[in-house]
**Student:** 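Got a structure for you, written out below as structure tokens; questions coming shortly.
Read the numbers this way: they start at 1 and go in the same order the structure lists the ligands and their atoms.
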Amino acid sequence: MTTRLHSKTPLFYAHQLSDQLNKKIYFKMDCHQPTGSFKIRGVGKRCQEAVEQGYEHFVIASGGNAGLATAYAGWKMGIQTTVVVPTTTKEFMRAKIAALGATVKVFGDAWNDANVFAQSLVKKENAIYIPPFDHPTIWSGNASVIDECDTQMTPPDAVIVAVGGGGYFCGVMEGLLRNGWKNTKVITAETDGAASMKKAMEQHKLITLDKIDSIASSLGAKRVAKQAFEYGIKKEVLSYAVSDGQALDACRLFLNETGNLVEPACGAALSAVYHNLEVIQEVDSILVLVCGGSGLSLEQFNTYLTQYS
Ligand SMILES: *Cc1c(COP(=O)(O)O)cnc(C)c1O
């Protein structure tokens, strides 16, 4: 028996923005998934597969949306879940994860340390490490976003997707293939301080950033998955990055238009349409994947707005 963990999310046509740009802009509202981001699509699929394989304990290192999605999957399926977070993870997120019944363990000052500790925990019998982005099952789960869009609209000229480690992007590429969206371009979005995909595309090789320097913490993978790089060079993929201030401003404009608060990670993708960036000049109909994110409180958003305006 498999229960689907993710929801079919609405597709909104952005009337005001489309009129302003004289284009057709669609928002795929993955911010309306349980736990507020697309993550449950891929992570949820991987968790289900693990249960079918007989595992009885999920372990993940993530103070963000992947940790939250894993905790949700554990709660939904009645599976013990341990989420290891670094000390930098805010109390706001720790409490959300704990509220789903997961054990939150704090270890190390950075994700890498938390990850090493998480890996040591899975040595115990029947525990499985859930990877946040670099796994084929995660990609095929994330691809469901395009399966849904295929029932909601005709194929657009372009899809805009935010990239951290590239798990959502790999899902999009898989989804385009399996739905026959042959003429749809893919545009990847990042912030300048987390541009591991854009840099890899520019240098034509997989690179590792020295550090992450952005408020878009959900994009903070220093290196994208190898599969993301390979898709990036093979297909017609364009990459761009915006400043933190631009990503934040796009969050503000999106909130004003739709009433939804999303993370700066998602603002990076929204910025292309809200700031009419160069990268969308040649295309007419655009699907923006609103990846969402639960890591931003209104208080923090207000603080950022005063800092960046
Ligand atoms: C995880 C996440 C991303 C990046 O996804 P990847 O699969 O790591 O590329 C973007 N936005 C939000 C809100 C996320 O939670």
**Student:** Walk me through it: do R41 and D30 pass the test salt bridge (charged side-chain N to carboxylate O under 4.0 Å, His left out)?
**Tutor:** CA-CA 10 Å; R41 293 183 183 277; D30 261 3; 2.7 Å; yes
**Student:** Heavy atoms only: which of G167, A189, A194, S217 lies closest to atom 7 (O) of ligand 1?
**Tutor:** G167
**Student:** Closer than 4.0 Å to some heavy atom of G292 - which atoms of ligand 1 meet that?
**Tutor:** 13 (C)
**Student:** Under a 4.0 Å threshold between the charged nitrogen and the carboxylate oxygen, would K24 count as salt-bridged to D284?
**Tutor:** yes
**Student:** Find all atoms of ligand 1 within a distance of less than 4.0 Å from any non-hydrogen atom belonging to V163, and give their numbers and elements.
**Tutor:** 9 (O)
**Student:** For atom 11 (N) of ligand 1, what's the nearest protein heavy-atom neighbour? Residue, atom name and distance, please.
**Tutor:** C291 SG, 3.3 Å
**Student:** List the closest protein heavy-atom neighbour of atom 5 (O) of ligand 1: residue, atom name, distance to the nearest 0.1 Å.
**Tutor:** F38 CZ, 3.4 Å
**Student:** Hey, which atoms in ligand 1 end up nearer than 4.0 Å to a heavy atom of N65?
**Tutor:** 13 (C), 14 (C), 15 (O)
**Student:** Run the salt-bridge test on E148 and K28 with the 4.0 Å N-O cut-off and return the result as yes or no.
**Tutor:** yes
**Student:** List the closest protein heavy-atom neighbour of atom 8 (O) of ligand 1: residue, atom name, distance to the nearest 0.1 Å.
**Tutor:** G165 N, 2.9 Å
**Student:** Can you pull out the closest protein heavy atom to atom 4 (C) of ligand 1? Residue, atom name and distance to 0.1 Å, please.
**Tutor:** G164 N, 3.5 Å
**Student:** List ligand 1 atoms under 4.0 Å from G293, heavy atoms only on the residue side.
**Tutor:** 13 (C)
**Student:** Could you measure the distance from the OG atom of S285 to the CD1 atom of I280? Nearest 0.5 Å is fine.
**Tutor:** 11.5 Å
**Student:** Let's go through V43 and L5 carefully: what are the C-alpha distance in whole Å and the side-chain angles of both, what is the deciding distance for side-chain contact (heavy atoms from CB on, under 4.5 Å) to 0.1 Å, and is it a yes or a no?
**Tutor:** CA-CA 9 Å; V43 162; L5 297 173; over 6 Å; no
**Student:** Apply salt bridge (charged side-chain N to carboxylate O under 4.0 Å, His left out) to the pair E202 and K199, showing each step before the final yes or no.
**Tutor:** CA-CA 5 Å; E202 280 166 2; K199 292 237 164 78; over 6 Å; no
**Student:** Please determine whether side chain to side chain donor-acceptor pair (under 3.5 Å) holds for the pair K45 and S140, giving the CA-CA distance in whole Å, both sets of side-chain angles, and the decisive distance to 0.1 Å.
**Tutor:** CA-CA 8 Å; K45 185 164 186 188; S140 108; 2.8 Å; yes
**Student:** Quick test of your reading of the model: are K234 and E230 salt-bridged, counting only N-O distances below 4.0 Å?
**Tutor:** no
**Student:** Provide, to 0.1 Å, the distance between atom 2 (C) of ligand 1 and the closest protein heavy atom, together with that atom's residue and name.
**Tutor:** K39 NZ, 2.4 Å
**Student:** Considering non-hydrogen atoms of the protein only, which is the closest contact for atom 12 (C) of ligand 1, and what is the distance?
**Tutor:** S218 CB, 3.8 Å
**Student:** Determine, using heavy atoms of C266 and all atoms of ligand 1, whether some pair is separated by less than 4.0 Å.
**Tutor:** no
**Student:** Which atoms of ligand 1 have any heavy atom of A265 under 4.0 Å away?
**Tutor:** 11 (N)
**Student:** Ignoring hydrogens and geometry, is there a side-chain-to-backbone donor-acceptor pair from S196 to A221 under 3.5 Å?
**Tutor:** yes
**Student:** Could you see which bit of L219 sits under 4.0 Å from ligand 1, with heavy atoms only: side chain, backbone, both or neither?
**Tutor:** side chain
**Student:** Within the structure, does E263 bring an N/O atom to less than 3.5 angstrom of an N/O atom in ligand 1?
**Tutor:** no
**Student:** Given H57, which of T82, T103, N126 fulfils the side chain to side chain donor-acceptor pair (under 3.5 Å) condition?
**Tutor:** T82
